[in-house]
Every structure is written in C-alpha cells, then in structure tokens.
Amino acid sequence: MNSREQILGKIKHVAKADSPLPDIPDFEFAGKIKERFVKSMQGNKGEVIDMAGLEVFLKSNGFSKIISLAKGLEQLSTRTLPDNPHELADLEVAIIQGQFGVAENGAIWLTDADLGLRALPFITEHLVILVSEDSVVSNMHEAYKRIGEQHSGFGLFIAGPSKTADIEQSLVIGAHGAKSLRVVLV
Amino acid sequence: MSHPIKAQEFLSDPAKAKWHDETLWFVRDKRDAITKTIPEWEQLRDLASQIKDNVLANLDSYLIEFEQKAKANNIHVHWAADAEEHNQIVLGILRQHDCNAIVKSKSILTEECHLNPFLEKNGVEVVDTDLGERIVQFLNQPPSHIVLPAIHLKKGEISEIFHEKLQTEKGNEDPTYLTQAARIHLREKFLSAKVAITGVNFGVAETGEFVVCTNEGNADMGVHLANVHIACMGIEKIIPRRQDLSVFLRVLARSATGQPVTNYSSHFRSPAPGKEVHIILVDNGRTDQLAREKFKNSLKCIRCGACMNTCPIYRRSGGYSYSSVVPGPIGSILSPGLDIKKYSSLPFASTLCGSCSDVCPVKINIHEQLYEWRQEITAAQGANAKSISMKIANGIFSTPFAYKFSGEMLRGALKILPEAITYSGLNTWGKQRDLPEVPKESFKDWYKKNRK
C-alpha cells in the first residue's frame, strides 16, 4: 500500500459527524470606500499619489532602469521586459496596473496578465501600481466575489512595501522585496 | 527536558525575560485593537471554525479533489506518510535537478520534519530566507515562535552574529542597517538558487491552488527566480472553496501581528512557462490526531501564533522551554499526540486561564484540551509523589484522631525544621513561596479554652 492509500484509508476509518459548510454572508461595510483604501494603504506604509506625483518621483530620483507595463504609461519604460527574471536584478522601478483594490486592508489584486514576469513586483527596488478609483471593493468577501472563477497560473494580493519586524519588533521597510510601494489612484 | 527546568533557564536573565513578556503582550494588544475595528469579528471566527470543522469531516474527499485539480494544473503531487518520507521526496527532486543549494521560506512543517539537518547531511546547502529564520539559522537554533522566530534575541546578539557571518560593523545594532545587510546577503542566494522550498498556508480543493502569506516577500523572491518550486503542506491545510480564503485572510494577519493582511498573499495555481511546481502532502501524525475525538480540533490551527502572544506562561518562559517545534498553548496540545512521554510536562505549562481559546481565530478549545491531556498523562504515568501525598492527606482528613495528631506534630516540627529542608529542591512548592507563620495551637484547642 502506498502512502496516498494509507493516508486516505486512515482518514476514511475515523468516525466523523457531518458538519455543514457555512455560507459566507455579505458583510456590510461602514465608511467611504476610497478614503478607507487610502488610509489602509498608508497604514501599510505604502504611499498614495496621483499622476503628477509619479512624474515628480521618477524625475527627482533620476531613475534610468524602468519597466512600465501599465496601460497608457508604456512610454515610461527605459528597457523591455526580459525573458529571464534574473535580468531584473538591477531594476529600479516597475510600474504595473492593478486589477482592483480592497478598502479594508489596502490589498491590490494582480495576476500573470498584469505582471509580465512573476518576479517583477518583488525584485524591483521600487514598485508603482496604478489602481482605478472605481475598482476599489469594500472587503475580502467582495474581493473574492470579484475574482470569481478567474483562472490565472499566479494571483497575488500586494498590500504594501516589503517589510519585517524580526529584529526586536522594530519595523523596517525593505526586507527582500520592493523597498517602496506607490499607488497611483486614477 | 521538562518545561519547568527549561523555563528556569529562560528566567535566569530577568531583564530579558521581562522584555520578552512585554513585547509579546504588545503584539497581543495590537491584535486586540485591530479586531475591535471589525464589527463582524466574532462572526468571522465562527465561520472560520465551521469551515475547518467541515474540512475535518471530509478531509479525504477534499484531498482527492485537491490532488485532481492540482494535477490538471500541471503540478506534481506527492504524498508523505511521515517526516522521513517527506525528506526523501524533497531530496529526490533535488537530485533529479542536480541541485545542491536551496532557498527556503518559513515553513513550520519542514522544521517539524527536520528537513534542514537531513539535507545538510546529504550535502545540500539550505538557506532560510525569512530574516528571523536566517538569524536563528546562523546561531544553529530553531525558531522560538512560529511567527516571530527570533523574538528571544536582543538586537545586540543579532548584531554580533551578523558581524561574524556578514561582516557588518562591530557594535552597530541599528535594525535598519542589519536588515539591509541581510537583504544584500540573501539577494545573492535568491539569484543563484535553482530550487526554492516554501510552506503552505492554505490549499484550495476547488481549484487546486495554494496560498502562501509573507510580509518580507522572501517566498516569492525564491520561487519566481528558481526553476523548481517545492511546496510542503500538512494535509490539514486544505480548505474547500476559493471564497473561504476571504474569511481566513481576514483573520490570519490580524490575529498574528495586528496587521489587516500580510503584505503578500500569493496564489499558486500552475507553474510559469518552463518551470516546475511540486506539492508534498504530509501526514506525520495528523491522521492519528484526527482519530482522537477529544483532540482532533487542534488540527484546525492556522498557525497565527496568537495563543503564544497572549499566554502568561509562554511570555514568561520563552519558546525553547517547550522543547517542541510548535511551542505555546497550541504546541502543548499538538505535541503530546506525537510523543506523550517526551512532551508530558507541556499540558501542565498552563494556568488554564483560557486566554488562548479566547483569541484563537478558529475557536480551538485549547485550554479544555490542555486539561484533557493532563488526565491522559496522569493516567499513563500512574503514581507519582503528588498523588501519593494526596492519598496520605485523604487518610488524615478522614480520621479525626490522625488529623489531631498530625496537626500537633507538624506545628512542632515546622518550628524546628531547618529552612534548608522546607525549601529543598524536592519541594517545588517552596521555590517561589514562603510558609505562613505556624500558629501556637490549633483552632480546636483555642475554641476549647475561650468558649467554655
């Protein structure tokens, strides 16, 4: 008997009372969705900016290694997306389009279609995500309703820049992934 | 070694012990504050608990569904009955890819299986990439907390080991500086690893996808740069539907650290073009625990660590005092199922205050199970010093003459007994307590004299 049969057999032999799977209700959301999204993102140490703010950010830092996949902002790219993610190691800025935001926690949903390469939003030094104001949903229940049966090899909620508090619980931004996250609300 | 002895070691540095206690309480406070902002919090705990009950009642069919869907998504599915088989499967995949260096993100299951020493013995370099785990790996220590692996260390100790291993400035204890040094060191490892290993927070039967949650982004850095991703998952991590993630992602980070959600919640469904994903479904004692009616609920755990942060014993005794991979209240009900002799002191490392059950996001009755384990362990141990003295006391209290005689004798004896005997190591009661002053006479004698 292989391990699969052994494990499944052992489970089968345990007497189990039936326990119904609950329906997940739509929980009401008090407050304004857009304002709450901004507040959540700021709480996660992300910045919320507008198009003008993006221009200032890119210019004032003099970035020269940029990949932009966001709709309408492709011209900001200074290089094309490589085939091999290792070539992204020195990337300064990645600009991508988020599918929607979640007000209660600031999370933004992205899939393979938005990322080009799965490593992109992690390996870049700075990350910029465009989110349409109208796309923001209230909570995670609404978020998964919106995702529905969407089929992507990889899907991801990003809620802030990479961070850690593993040294004496002191918050440090920029652990292994992007050192900063800017969300452009459009 | 038993919990009280290890706890004593931890308490030998009172300043550090106090810091540990206060820091974990601070995390507990953050958890409380954020849960108060969610009006439906208690309803979410009920839902999370009910979903997990349903999982435990249908675990075999959900596992079969998960396997079928994952295979259809081009994921290789393996089954491991125990730790040894799990480790052999990992090694087999590494050999197949001619790989002798891997990066690994936080996975309590691989700690449970002692994967690191196994791989190292077989010539594979293992790099833990979570900052806290990398720190304890440098020190050859296991994590002392399942969410905050290096919570037992002060920044001075971390600065010292980083100076030795990463050549950081001597005496520089700035957390930002130290984190930056680790970032540079680990980036090199991420860029050169061919295989990345992760744990799994949730496996979704309906879709065959699995979800990994981190704040640092280390799991994704490893996985997306490597050619092969190996995900190690305990069989109880299955959930039925994609929409169930909405409940669990709402409660997990809030319970763990008081954040609204982890920075990265990654959903892996099929490999990127040209890459490989393996998932190993591990039993290692879980089906045995499922068969124990009183204790099977412990399998609902989502590893948030909230019960540790709130526990008055954990906070004041440290993770290592439990000598088990999962410490704290939840570890004290999981570990005796694996080895009742080795972990016999753990269910007693509790005040049974019930705070653990109050904060548990999936409503495991932790303190009741601690009590139940005490019954099992006491029955398995048979007579001990305490049960013998209780039997003697029973005899004394039920016989008036014996009661009067032993009272007189003890009043006399306690006056002349040297403190070295009263507070000897054999009398654990005397370690933290003083005996009250012995009265000159018994109440009965006093009454006879004064109420004639």
Side-chain angles (χ1 to χ4, degrees), chain A residues 2-4 6-8 10-14 16-22 24 27 30 40 43-44 85-86 89 104-107 112 117-119 122-123 139-141 143-145 147 151-170 172 174-178, chain B residues 23 26 40 47 50-51 53-54 56-57 59-60 63-64 79-81 85 129 131-132 135 148-150 154-155 158 175-176 178-179 183 186-187 191 215-218 220-221 224-225 235 240 242-243 245-247 249-250 260-272 283 287 290-291:
Chain A
N2 65 28
S3 295
R4 181 184 184 277
Q6 187 192 324
I7 293 168
L8 291 174
K10 278 176 88 173
I11 299 170
K12 209 171 212 134
H13 278 96
V14 175
K16 294 173 287 270
D18 190 38
S19 187
L21 191 57
I24 300 169
F27 290 104
S40 298
N44 299 341
H86 290 81
E104 71 158 321
N105 55 22
D112 275 338
L117 284 171
R118 293 178 186 181
F122 301 95
I123 199 168
N139 59 26
M140 292 300 273
H141 310 298
Y144 277 99
K145 228 172 235 178
I147 294 169
H151 194 127
S152 172
F154 181 62
L156 166 73
F157 280 112
I158 292 187
S162 165
K163 62 184 176 188
T164 183
D166 275 345
I167 301 176
E168 280 199 10
Q169 280 294 292
S170 310
V172 178
H176 306 295
Chain B
T23 305
F26 168 73
E40 63 269 24
L47 283 169
Q50 287 160 10
I51 294 166
D53 281 336
N54 173 269
L56 296 184
L59 189 55
D60 45 351
L63 282 167
I64 292 167
W79 298 72
E85 189 176 8
T129 58
L131 176 61
I135 293 167
L148 320 164
K154 300 285 287 170
K155 59 187 176 191
I158 296 166
T176 306
L178 296 173
T179 302
R183 177 184 167 102
L186 286 166
R187 193 152 269 239
L191 285 165
N215 276 324
E216 296 181 6
N218 55 316
D220 288 274
M221 277 296 284
H224 302 315
L225 289 170
I235 52 172
R242 189 181 245 183
Q243 58 167 311
L245 288 167
S246 70
V247 174
L249 292 185
R250 290 191 84 189
V261 70
T262 46
N263 266 342
Y264 304 105
S265 312
S266 301
H267 301 52
F268 297 92
R269 189 156 186 182
S270 54
D283 180 351
T287 50
L290 185 69

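So you know, we letter chains A, B, ... as the sequences are listed, proteins then strands, and number each from 1.
With rounding to the nearest 0.5 angstrom, the NE2 atom of His141(A) is 10.5 Å from the CG atom of Leu249(B). In this structure, Ile167(A) CD1 and Leu131(B) CG are separated by 5.0 Å, a value rounded to the nearest 0.5 Å. We find the CE-OG distance between Met221(B) and Ser162(A) to be 9.0 Å, quoted to the nearest 0.5 Å. For the atom pair NE2 (His151(A)) and OG (Ser270(B)), the distance works out to 5.0 Å, reported to the nearest 0.5 Å.
Counting all heavy atoms, side chain and backbone alike, Ala150(B) lies closest to Asp166(A) at CB-O, 4.1 Å. What you find for Ser19(A) and Gln50(B) is that their closest heavy atoms are OG-O, 4.4 Å. The minimum heavy-atom distance between Pro161(A) and Asn263(B), with the atom names listed, is O-ND2, 2.6 Å. Across every non-hydrogen atom of Pro20(A) and Asn54(B), the tightest pair is C-ND2, 3.8 Å. Of all heavy-atom pairs spanning Gln243(B) and Tyr144(A), the tightest one is CA-CB, 4.3 Å. Of all non-hydrogen atoms in Arg242(B) and Ile147(A), the two that sit nearest each other are NH1-CG2, 3.5 Å.
Heavy atoms of Leu63(B) lying under 4.5 Å from chain A belong exclusively to its side chain. Both the backbone and the side chain of Ala89(A) have a heavy atom closer than 4.5 Å to some heavy atom of chain B. Within the 4.5 angstrom heavy-atom criterion, atoms from both the backbone and the side chain of Pro175(B) approach chain A. Interface remark: Ile158(B) contributes side-chain atoms only to the contact with chain A (heavy atom separation under 4.5 Å). Contacts between Asp112(A) and chain B at a heavy-atom distance below 4.5 Å are absent for every atom of the residue. Looking at Glu104(A), both its backbone and its side chain come within 4.5 Å of chain B, counting heavy atoms on both sides. Using a 4.5 Å cut-off between heavy atoms, Ala17(A) touches chain B through its backbone atoms (N, CA, C, O) alone.
No option in Ile11(A), Ile7(A), Leu8(A) other than Ile11(A) meets the side-chain contact (heavy atoms from CB on, under 4.5 Å) test with Leu59(B). Under the side chain to side chain donor-acceptor pair (under 3.5 Å) test applied with Thr287(B), the options His13(A), Gln6(A), Lys10(A) reduce to a single match, Lys10(A).
Options Ser152(A), Pro85(A), Gly160(A) differ in how many heavy-atom pairs under 4.5 Å they form with chain B, and the most are formed by Gly160(A). Contact tally against chain B (heavy-atom pairs below 4.5 Å) for Met140(A), Arg4(A), Lys16(A): the top residue is Arg4(A). Counting heavy-atom pairs closer than 4.5 Å to chain A, the top residue among His267(B), Glu85(B), Glu40(B) is His267(B). For chain A, the option among Asp53(B), Asp283(B), Leu225(B) with the highest count of heavy-atom pairs below 4.5 Å is Leu225(B). When each of Val261(B), Thr129(B), Ile235(B) is checked for heavy-atom pairs under 4.5 Å with chain A, Val261(B) comes out on top. For the set Thr23(B), Thr262(B), Ile135(B), Val247(B), the entry with the most heavy-atom pairs within less than 4.5 Å of chain A is Val247(B). Heavy-atom pairs under 4.5 Å with chain B were tallied for Ala159(A), Ser170(A), Pro22(A), Ala119(A); the largest tally goes to Pro22(A). Between chain A and the residues Pro149(B), Ala57(B), Gly217(B), the largest count of heavy-atom pairs under 4.5 Å involves Ala57(B).
The closest donor-acceptor contact from the side chain of His176(A) to the backbone of Leu186(B) lies at 3.5 Å or more, if one exists at all. Remark: the backbone N or O of Thr164(A) is not paired with any side-chain donor or acceptor of Glu216(B) at under 3.5 angstrom.
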Stepwise side chain to side chain contact (heavy atoms under 4.5 Å, CB included) test for Leu56(B) and Val14(A): CA-CA 10 Å; Leu56(B) 296 184; Val14(A) 175; over 6 Å; no
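Residues Asn105(A) and Arg250(B) have side chains not in contact (no heavy-atom distance under 4.5 Å, counting atoms from C-beta outward).
Evaluation of the side chain to side chain donor-acceptor pair (under 3.5 Å) rule for Lys163(A) yields no partner, not counting sequence neighbours. By the side chain to side chain donor-acceptor pair (under 3.5 Å) test, Asp220(B) is found to be paired with His224(B), Ser266(B), residues two or more places apart in sequence or in another chain being considered.
For Phe157(A) and Tyr264(B), the distance between ring centers is not under 6.0 angstrom.
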